[in-house]
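Taking it in order: structure first as structure tokens, then the write-up.
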Amino acid sequence: MTTAAVLTDHERTAVQAYLRLLHTVRAGLDTAAGPPGTSRPPVVPPSVLAEADRALESAGLAGNEEEFFRLLRGWGPHA
């Protein structure tokens, strides 16, 4: 049994921003959403990417992906 990590407010904000970014990227890559035979480049709004960057920096996790993904894995079953 795995226990969920207890995150600081800044860490929780960073994880949530990352998950929003992940869902946005997945939606952008979903080619089934358009008409058959069409393709479009994935679009990630700059504001979503900037939010994730700010949240990582506020949590002291910018440039420390190993620690961030450790927190993400321990946060919940969806991570």
Side-chain angles (χ1 to χ4, degrees):
M1 180 172 116
T2 348
T3 58
V6 177
L7 304 179
T8 67
D9 287 341
H10 288 301
E11 290 169 341
R12 186 177 309 101
T13 299
V15 168
Q16 290 169 338
Y18 168 77
L19 292 173
R20 279 191 291 279
L21 175 61
L22 181 64
H23 293 294
T24 300
V25 169
R26 284 182 177 161
L29 293 173
D30 182 10
T31 57
T38 62
S39 65
R40 55 183 165 60
V43 175
V44 176
S47 61
V48 175
L49 191 53
E51 174 194 21
D53 284 341
R54 282 191 309 273
L56 285 170
E57 189 160 331
S58 292
L61 296 167
N64 191 350
E65 291 82 7
E66 184 177 332
E67 175 65 12
F68 174 71
F69 285 112
R70 183 190 65 72
L71 289 171
L72 186 63
R73 281 190 303 276
W75 189 52
H78 59 279

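The residues of the chain are indexed from 1 along the displayed sequence. All of these numbers come straight from a predicted model, not from anything done at the bench.
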Heavy-atom pair with the smallest gap, counting every atom of L56 and F68 = CD2-CD1, 3.5 Å
With sequence neighbours excluded, tell me which residues meet side-chain hydrogen bond (donor to acceptor under 3.5 Å, both in side chains) with E57.
-> none
Across all chains, not counting sequence neighbours, the side chain to side chain contact (heavy atoms under 4.5 Å, CB included) partners of N64 are E66, E67
For A55 and A17, the nearest pair of non-hydrogen atoms, with its separation, is CB-CB, 3.9 Å
Looking at OG1 of T24 and CG of L19, how far apart are the two atoms once the value is rounded to the nearest 0.5 Å?
-> 10.5 Å
Partners meeting side-chain hydrogen bond (donor to acceptor under 3.5 Å, both in side chains) with R20 (sequence neighbours left out) = E51
Smallest separation among heavy atoms of R12 and D9, with atom names | NH1-OD1, 2.9 Å
